[in-house]
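Just below is one structure, and these are the notes that go with it.
The residues of the chain are indexed from 1 along the displayed sequence.
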Amino acid sequence: MLIISSQFAQKTIPIQIQLDAKEEQICTFIKAACQDLSAILGQTPSVRIVGGWVRDKLLHKPSKDMDLTVDMKGDEFAQWLFKIAQQRFGTNQKIVSENKTTEGRPEQIKNLSVAFLKIYGQAVEILPLRGNEVYEAGSRNPVSTSQSDAAGDSTRRDLTINSLFYNITTGQIEDFTGKGYDDLLTMTLRTPCRPGHDPNNEALRIFTEDPLRLLRVLRFHSRYKNSQIDPEVLTAMQNEDVQHQIVRRLYGDESMGIVPERTSEELKKIMIGEQPEKAMQLMYKTGLLQKLLMLPQEFQPLHMDQKNKHHSMTVIDHTMKVLGNVNNLAKEFKLDDKQRMTLNFSALFHDIGKLDPRSHANKPDGTRGYYGDRNNPNAITHQQSSQEHWSRFANALKFSTDETNTIGDMVLNHMNPHDHVETNEKPSDKQLRKYIRTNPSWVFQYIHAMADASSKDDSEDLSHAQQPYRENLERLKTLAPNADSFGNMALTQDILSGQEIIAIVGLNPRPVPGMTGYINIVKELLRDQQDANPTFSKQEATNLLQQITNQGKSGSGLLAPYFSPQV
């Protein structure tokens, strides 16, 4: 049990925190190692756990990360820990393992003397205390750094709530900024301020040194529902130079700025927060979202009036409401973080294509549809345009192929469930079976559609709009009893293989120029029969194909063109 104190305005705040068994082991070993080093080096290293671990322990939440700071080079301290562990426990006991260094990394990173290792199986990162750092314009990696004390180190971190230290030797929480603990109580997202400096300039300094910190602030705003962002931080977030360093690589300037992978990593973390829509709304208000989305010049602005009887909200307001609703529904349906992230990105992009003039179908009464002007050869539906723009965005930010395809599929097909609900007649079982067969992400499409349908206006009552989608989803689950709760089903083989079809039809399987291959046509016909009748047997399929083949030979029916003498 630790008694923790924080000095703020000459006031000590006692708190008790319970370390788990592994944390107790790690801290006990490090304290013992520091005692050994005192005899070897003539001084006792001061080791602290810093950042997220301290914040999460104070919030009574588990933490996967453990970052240490030490008043010597991090890689040097790691080497000593490795040697002392062997001396105390023997070479066969892997108390300290995977003692990695920054070898092979850029010179700027090596200057930090960071070490990565495991202690009792816990991944640990060890850094020296960092002080005054010099950054090259447009780079988030310092080209030089000087050693500092813990107080100086605390003022270069992104937020005061992440600037709290746990001193392993004394067993105290140290709040050198004077605001970290109080800000944690109120969940105020504030950048640290060096004594005697203007807070407005300090927030800008923090983001200028490392623009990625701006996205980290948004990530914490998404994570903590009761969080509030300090006004000085909001002002600094709107700085054009800082925003330029975040997006410059996306626009073709590869010389400096944040690498796309780091940007997408932060965006993904924003999307799995408790309130991603709040972070995205703030990103929009500061102008950063517009830059990140890389909207083509011909697109209408995000606040475009939809001029549609189904929508009273602008595109951006509707999008943010869909994002908030789909995030809540994903949690209701117990989706994991990756699945929720997928749905949230699809919500952000699903209507981007409405800004594309190619999707506009302007009507005489002043209203507008988004299925494209049928008299325009360049017409495109808003779903197609949205998927097109998502793919451009995902490729620029180096999303994985699986993420790009999965989210793109959701964006392209998000209107499908509306087709089931917005018609006068309920879809037949056959239609729904075909929908399941051709839409592997049908559960996710319906969750998205529920959020979409309940985000048409400012109404807070969502139950009425969502109800028909919930009813259809239950029907779909009944028609797909072998699917799991997310709609995943084992791959099914066609009732007749390609070789079996060739044997019955008796034609060369190679496609005829200008004609679709007959094997795929037959397979789709048989799949359609199965959609109508799930008990459709292989013998019935064989009999049907023989009948169609005979008709084709006599010059009629589906396969007649393939038996034509001209083929």
Problem set entry | Pairs where residues 300-315 contributes a residue and the test salt bridge (Lys or Arg N to Asp or Glu O under 4.0 Å) is met, not counting sequence neighbours | none
For this session: Assert yes or no for the condition that the ring centre distance of H350 to H318 is strictly below 6.0 Å.
Result: yes
Problem set entry | Parallel, tilted or perpendicular: ring planes of F220 versus Y224, cut at 30 and 60 degrees | parallel
Exercise. Checking salt bridge (charged side-chain N to carboxylate O under 4.0 Å, His left out) for the pair R475/E471: CA distance, chi angles, key distance, verdict?
Worked result: CA-CA 6 Å; R475 281 186 66 195; E471 291 173 0; over 6 Å; no
Problem set entry | Mutual orientation of the aromatic rings belonging to H418 and Y469 [parallel < 30°, tilted 30-60°, perpendicular > 60°] | perpendicular
Which donor-acceptor pairs under 3.5 Å do the side chains of residues 277-285 make with protein atoms, sequence neighbours left out?
none

Exercise. Will you find, in the side chains of D373 and N362, an N or O donor that is under 3.5 Å from an N or O acceptor?
Worked result: no
For this session: Could you tell me whether the side chains of D409 and N413 share a donor-acceptor contact shorter than 3.5 Å?
Result: yes
Exercise. For K291, does the NZ atom have more than 12 heavy-atom neighbours from other residues, nucleotides or ligands under 6.0 Å away?
Worked result: yes
Problem set entry | Parallel, tilted or perpendicular: ring planes of H420 versus Y435, cut at 30 and 60 degrees | perpendicular
Problem set entry | D230 versus T188, side-chain donor and acceptor atoms under 3.5 Å | no
Problem set entry | Aromatic ring proximity H382/H414, centre distance under 6.0 Å | yes
For this session: Apply the side chain to side chain donor-acceptor pair (under 3.5 Å) test between S455 and each candidate in D317, N325, T319; give the one that qualifies.
Result: N325
Exercise. Does the pair R470/E332 count as a salt bridge with the N-to-O cut at 4.0 Å?
Worked result: yes
Problem set entry | Plane angle bin for H360 and Y370 - parallel if under 30°, tilted between 30 and 60°, otherwise perpendicular | perpendicular
